[in-house]
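All heavy atoms count here, side chains included; hydrogens, waters and symmetry mates do not.
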Amino acid sequence: MSLLQLSGYLLYAAFICYLIATILFGGAIKPSKVKNAPASAEKWGKLAITITIIGFVSNIGYFITRWMYTGHAPVSNMFEFTTALGMFIVGAFIGSYFMYRVAVIGVVALPIAIIIIAYAAMFPREVSPLVPSLQSHWLTIHVITAALSQAVLAISAVAGLVYLLKHVDVKRASKERFFLEAVMFSLVLVIGFVVSSVTFGAMGYSATYQYVDKEGNTSRVEYHKPAIFGMNKYVEVELVDAENKIYEPVAKENQSFQPLVEMPPLVNAKKLTTVFFSLIFGTVIYLLIRLITRRSISAILQPLVKKANSPLMDEIGYRSILIGFPMFTLGALVFAMIWAQEAWGRYWGWDPKEVWALITWLFYAAFLHLRLSKGWEGKKSAWLALIGFTIIMFNLVFVNLIIAGLHSYA
């Protein structure tokens, strides 16, 4: 068994442990009128955190063995970075659990980590040589610090979500109810991404297109979903000489589904197609949940957070940002600028990822300003924490998938 295979098995084991632990945490917070309910909840909680730690150790095992196999920190593409982010979120949750002993955080944090790891699994797992700009020790320092900071900031969003689920009236029509359900819908969209990728993967769909990139070079891209959006000046091609890598245009009668819209070179049309299908599949899954349960997802989850300690949730959310913000400043801005100077000869270049890292930093700086000077606590603080993590996810999913830039390594 190679180290790469072993890392795959360890990641799979971690995934299963997180699933089991989520159910156990659910047992620890379930409403109960039985006399010995507190003792029972503590027993479930201990079992749940034990399984979580076993999964986390397995997850670290995946990370180390893949690192040993590749020879560099496994954070160089979307699969590796997103998997690491899921692992760090679990690590941040374990840290918060031993600080505050709050099981309800696990009921929300672990499913988010599970969804992120499942999202990662949809990207290619092959190990490829690093491009020149990634061949630096700053890959390890910058990316791991940035991922760790985002994981800590994720805990603030989890605490904020628990707070809002408890305090927003989901039976009465309001803007708060609408936006809370919109958060749930966005989580279902990630599940839609996983389901659509598995579906088209099982169908074995594949089509290759030749296109002109934003530098004017001719490149090729392989679609694994019907190409709703086409790359700039696309032509469907097929490999006719594997040894010399010669491609020729496909005859019209043999062509696959042709793109409905051609995109400019700035946009990665293949990944935009992926987002399109995620939206379609996610919407269908969301509507099925609503149809079967006849309730919003917020209403389904609300009974689970009834016993949550509101001031403590507010405190966890605030402290997570106090810890995550300086880490993000170092990892996503300072270390990134040092690496940019080394790789590209400038500290700042307004690349889409750089711009969104700056937007994220400005948002959390505004959060701390409003919290400290204006006294924004409770619902206001919870909403801001949730919006902050939404910006991080937008940067991870939308900016990485759709906009072509210097960080488009996946």
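In this model, a donor atom of one side chain and an acceptor atom of the other lie less than 3.5 Å apart for Ser310 and His167. With 3.5 Å as the limit, one finds no donor-acceptor pair spanning the side chains of Ser381 and Glu377. If you check the side chains of Glu236 and Thr208, you find no donor sitting under 3.5 Å from an acceptor. Residues Tyr100 and Asn309 bring no donor and acceptor atom of their side chains to less than 3.5 Å of each other. No side-chain donor-acceptor contact under 3.5 Å links Tyr69 and Gln5. Side-chain contact of Arg177 with Ser298: a donor-acceptor pair under 3.5 Å is absent, judged by distance alone.
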- Query: Would Phe15 and Ile114 satisfy side chain to side chain contact (heavy atoms under 4.5 Å, CB included), going step by step from the backbone distance to the final call?
  - Reply: CA-CA 7 Å; Phe15 189 84; Ile114 288 168; 3.6 Å; yes
- Task: Step by step, work out the side chain to side chain contact (heavy atoms under 4.5 Å, CB included) result for Leu10 and Phe63.
- Result: CA-CA 9 Å; Leu10 289 170; Phe63 194 73; over 6 Å; no
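Comment: Glu315 engages Arg319 in a salt bridge, judged by a side-chain N to carboxylate O separation of less than 4.0 angstrom.
A distance of 12.5 Å separates CD1 in Ile144 from CG in Leu85, rounded to the nearest 0.5 Å.
A donor-acceptor contact shorter than 3.5 Å links the side chain of Lys166 to the backbone of Ala308.
Remark: Lys353 fails to qualify as a cation-pi partner of Trp356 under the 6.0 Å distance and 45° angle criteria applied to the six-membered ring. Figure legend: Arg371 and Tyr318 shown as a cation-pi pair, the cationic atom lying under 6.0 angstrom from the six-membered ring centre and within 45 degrees of its axis.
Tyr97 is linked by a side chain to side chain donor-acceptor pair (under 3.5 Å) to nothing, counting only residues two or more places apart in sequence or in another chain. Legend: residues meeting salt bridge (Lys or Arg N to Asp or Glu O under 4.0 Å) with Lys46, ordered by chain and number and at least two apart, are Glu42.
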Please output the side-chain donor-acceptor pairs of residues 187-206 that fall under 3.5 Å, not counting sequence neighbours, one pair per line with the distance.
unit_1	atom_1	unit_2	atom_2	d
Ser196	OG	Gly192	O	3.1
Ser196	OG	Phe193	O	2.9
Ser197	OG	Phe193	O	2.9
Ser197	OG	Lys225	NZ	3.4
Thr199	OG1	Val195	O	2.7
Ser206	OG	Glu222	OE2	2.5

